[in-house]
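As structure tokens, the structure follows; a few thoughts come after it.
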Amino acid sequence: MAQSISPPKPVTVGEAALSFVFVALAALAGFVAVRAHTPAYAFHAALFALGSVAAVFAIVKRHDLRSAEPPPRFIDGRPNYNYGPIKFAALAALFWGVAGFAVGLYIALELAFPLLNFDLPWINFGRLRPLHTSAVIFAFGGNVLLATSFYVLQRTSRTRIAGELAPWFVVLGYNFFIIIAGTGYLLGVTRGHEYAEPEWYAILWLVIVWVVYLLVYLFTLARRAEPHIYVANWFYLAFIVTVAVLVLGNNAEIPISPFSSQSVIVWAGVQDAMIQWWYGHNAVGFFLTAGFLGIMYYFVPKRAERPIYSYRLSIVHFWALIFLYIWAGPHHLHYTALPDWAQTLGMTFSIMLWMPSWGGMINGLMTLSGAWDKLRTDPVLRMLVVSVAFYGMSTFEGPLMSVKAVNALSHYTDWGIGHVHSGSLGWVGFVSFGALYCLIPWVFNRQLYSLKLVNWHFWISTIGIVFYISAMWVAGIMQGLMWRAYTPQGFLEYSFVETTDALHPEYVIRALGGGMFLIGALIMVYNVYKTIVSPSEDVAAELAPTAVAAE
């Protein structure tokens, strides 16, 4: 009896369009690689070509493995969530986090012990420092935001995320951008702008990925089953839209040639400085603040099993924050060629930021009303709550440092480094760790392997943060006072070498603190690994009817 032959599986519009785009990109990148002016640019063009070919193979493989019908949005009346891209972004965040923290520790040791430069161009401080900042901010932080935003978007909208290939394009395309940017720093391909070092072709790719990210978010919200848009999604949308505006404004540049990695920025002089710090400060304000506030507004109430303290306050927090933050950038340029009125404007809006920032902190902390006892038994919640406390501290310190009289002492010193790391390690780091400790067991359908290891992670990292920021506060004030000290004859009392030598103990303590923070992250990686490889919750429940936390 002849076997019936099933009809061929239809190719979707998305599969066909993406395959065509990647084939064209592979051909273009291969042509550019052959004619590139520099080996570094040729290497990046080759990476684009190889990545495009790999993308086509992945699309074809997925077509062969998927069912003929698209995944349903609902199964038995319940949303059929897409957790695949979330799993990838969450694990990528851990990988990039450990890599970024390790590079940060190494450059901290380079500052304390300059011989560790080894006179090699690829590992000197000037190249590793932007690698560290991009790895921890954009690679680690960016993947945390992708994972949590896609999860929160689906759960609060009660619908499957829009598109099947588009979410994967976002997470994979974003991580490819990270690879291009990071290898570029090591090879000396850079614009030399703070937090905006990638050259034009990397930014062009990022813009494409970011537009798809925005469209996925908007289309998912448009087809939500929940009529209300939860406040976390407001913060995520503000982060997505504003980062797009910032990147386009700060990267207004003209490539020298399609075969050259270099470009010429259209801004010049003080205008370039103003645009750069409008971008730089608001990258902190919308990438490292608004996006992670979206995490706070979902994961703190979820973990505490309490509703947000005040929904009205969350809306006031949102609108006040996004209106005020965008004007605060000029406080980075006190006592420069920037007009004095612009400096004062930046200072004024920075001080006004105290109110919405502390409103958000109070909202997060007061959510624990009636659940404070959970802090004794749940180190994940403790990590989330301490992150909110660090958010309050750093958003108090930032406006304080924007005051011109204070800035005269703090600017260009390690006080700024301490301030940045109290926010990045304490606020961004801890809220990210807490969210991932929640998220990974949820999407992998596992029980967290060990709360005891979370407790170790929390205390080791907290002590490391205290060492780090305390050492930098002392170093910064010492620097500022030594730089402004004069002899009775009117000459500077200390040379630059003398001030640098005086800071050696603080630099060693900073490296110790950074090392402890890295150890905490490695403990987390082990905990997450053991969580993923453990039996699923359903299987575990059959094997052990009495649920006991594995420690």
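Index from 1, following the sequence.
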Exercise. Thinking salt bridges, do E110 and R129 make one under a 4.0 Å N-O criterion?
Worked result: no
Given side chains that start at C-beta, do those of [X] and [Y] come closer than 4.5 Å, heavy atoms only?
{"X": "T367", "Y": "V385", "answer": "no"}
{"X": "V431", "Y": "F390", "answer": "no"}
{"X": "S149", "Y": "F239", "answer": "no"}
{"X": "L368", "Y": "V300", "answer": "yes"}
{"X": "D414", "Y": "Y507", "answer": "yes"}
{"X": "I308", "Y": "V231", "answer": "no"}
{"X": "T395", "Y": "W354", "answer": "no"}
{"X": "L436", "Y": "T148", "answer": "no"}

Problem set entry | side chain to side chain donor-acceptor pair (under 3.5 Å) between S314 and Y309, worked out | CA-CA 9 Å; S314 70; Y309 172 67; over 6 Å; no
Can you tell me if [X] and [Y] form a side-chain donor-acceptor pair at under 3.5 Å?
{"X": "Y217", "Y": "N233", "answer": "yes"}
{"X": "W473", "Y": "E397", "answer": "yes"}
{"X": "T183", "Y": "H44", "answer": "yes"}
{"X": "H193", "Y": "Q276", "answer": "no"}
{"X": "H457", "Y": "Y526", "answer": "no"}
{"X": "S422", "Y": "Y468", "answer": "no"}

Anything under 30° is parallel, anything over 60° is perpendicular, the rest tilted; go ahead and classify [X] against [Y].
{"X": "W200", "Y": "Y41", "answer": "tilted"}
{"X": "H331", "Y": "H334", "answer": "tilted"}
{"X": "F396", "Y": "W358", "answer": "tilted"}
{"X": "F433", "Y": "F140", "answer": "tilted"}

Exercise. Can you tell which of M472, Q479, R510 makes a side-chain contact (heavy atoms from CB on, under 4.5 Å) with L503?
Worked result: Q479
For [X] and [Y], indicate whether the former's side chain and the latter's backbone hold a donor-acceptor pair under 3.5 Å.
{"X": "N363", "Y": "G359", "answer": "no"}
{"X": "N455", "Y": "P379", "answer": "no"}
{"X": "N117", "Y": "D119", "answer": "no"}
{"X": "R303", "Y": "L384", "answer": "no"}
{"X": "E197", "Y": "P130", "answer": "no"}
{"X": "H504", "Y": "A112", "answer": "yes"}

Between [X] and [Y], ring centroids under 6.0 Å:
{"X": "F150", "Y": "Y83", "answer": "no"}
{"X": "F235", "Y": "Y297", "answer": "yes"}
{"X": "Y201", "Y": "F177", "answer": "no"}
{"X": "W427", "Y": "Y391", "answer": "yes"}
{"X": "Y195", "Y": "F138", "answer": "no"}

So for atom [atom1], which belongs to [X], do other residues, nucleotides or ligands contribute more than 12 heavy atoms lying within a distance under 6.0 Å?
{"X": "W459", "atom1": "CH2", "result": "no"}
{"X": "Y494", "atom1": "OH", "result": "no"}
{"X": "F467", "atom1": "CZ", "result": "no"}
{"X": "K87", "atom1": "NZ", "result": "yes"}
{"X": "D373", "atom1": "CG", "result": "yes"}
{"X": "W456", "atom1": "CH2", "result": "no"}
{"X": "W234", "atom1": "CH2", "result": "no"}

Let me confirm one number: the [atom1]-[atom2] distance from [X] to [Y], rounded to the nearest 0.5 Å.
{"X": "I161", "Y": "I86", "atom1": "CD1", "atom2": "CD1", "result": "6.5 Å"}
{"X": "S410", "Y": "M401", "atom1": "OG", "atom2": "CE", "result": "4.0 Å"}
{"X": "L120", "Y": "L116", "atom1": "CG", "atom2": "CG", "result": "11.5 Å"}
{"X": "N251", "Y": "L246", "atom1": "CG", "atom2": "CG", "result": "10.0 Å"}
{"X": "N407", "Y": "W415", "atom1": "CG", "atom2": "CH2", "result": "9.5 Å"}

Exercise. Do W96 and N175 pass the side chain to side chain donor-acceptor pair (under 3.5 Å) test, and can you show the C-alpha distance, the side-chain angles, and the key distance before you say yes or no?
Worked result: CA-CA 10 Å; W96 290 119; N175 280 275; 2.8 Å; yes
For this session: Walk me through it: do Y106 and H132 pass the test ring pair (Phe, Tyr, Trp, His ring centres under 6.0 Å)?
Result: CA-CA 9 Å; Y106 191 80; H132 161 65; over 10 Å; no
Problem set entry | Nearest heavy atoms of N250 and A196, plus distance in Å | ND2-CB, 3.3 Å
Problem set entry | Nearest non-hydrogen partners of A202 and I180, listed with the distance | CB-CG2, 3.9 Å
Seminar exercise, completed: Partner of F169 under ring-ring contact (aromatic ring centres under 6.0 Å, His included), picked from F176, W205, Y174, is W205
For this session: Dump the intermediate steps for side-chain contact (heavy atoms from CB on, under 4.5 Å) on Y437 and M524, then the final yes or no.
Result: CA-CA 8 Å; Y437 275 127; M524 180 181 187; 3.2 Å; yes
For this session: Check step by step if side-chain contact (heavy atoms from CB on, under 4.5 Å) holds for K374 and R382.
Result: CA-CA 8 Å; K374 294 185 180 217; R382 190 186 311 141; over 6 Å; no
Exercise. Given the rule in the side-chain contact (heavy atoms from CB on, under 4.5 Å) test, do Y81 and Y151 qualify, once you have shown the distances and angles that lead to the verdict?
Worked result: CA-CA 9 Å; Y81 299 124; Y151 182 83; over 6 Å; no
Exercise. Which is it for I460 and I523 under the side-chain contact (heavy atoms from CB on, under 4.5 Å) test, yes or no, and what are the steps along the way?
Worked result: CA-CA 10 Å; I460 291 173; I523 292 173; 3.8 Å; yes
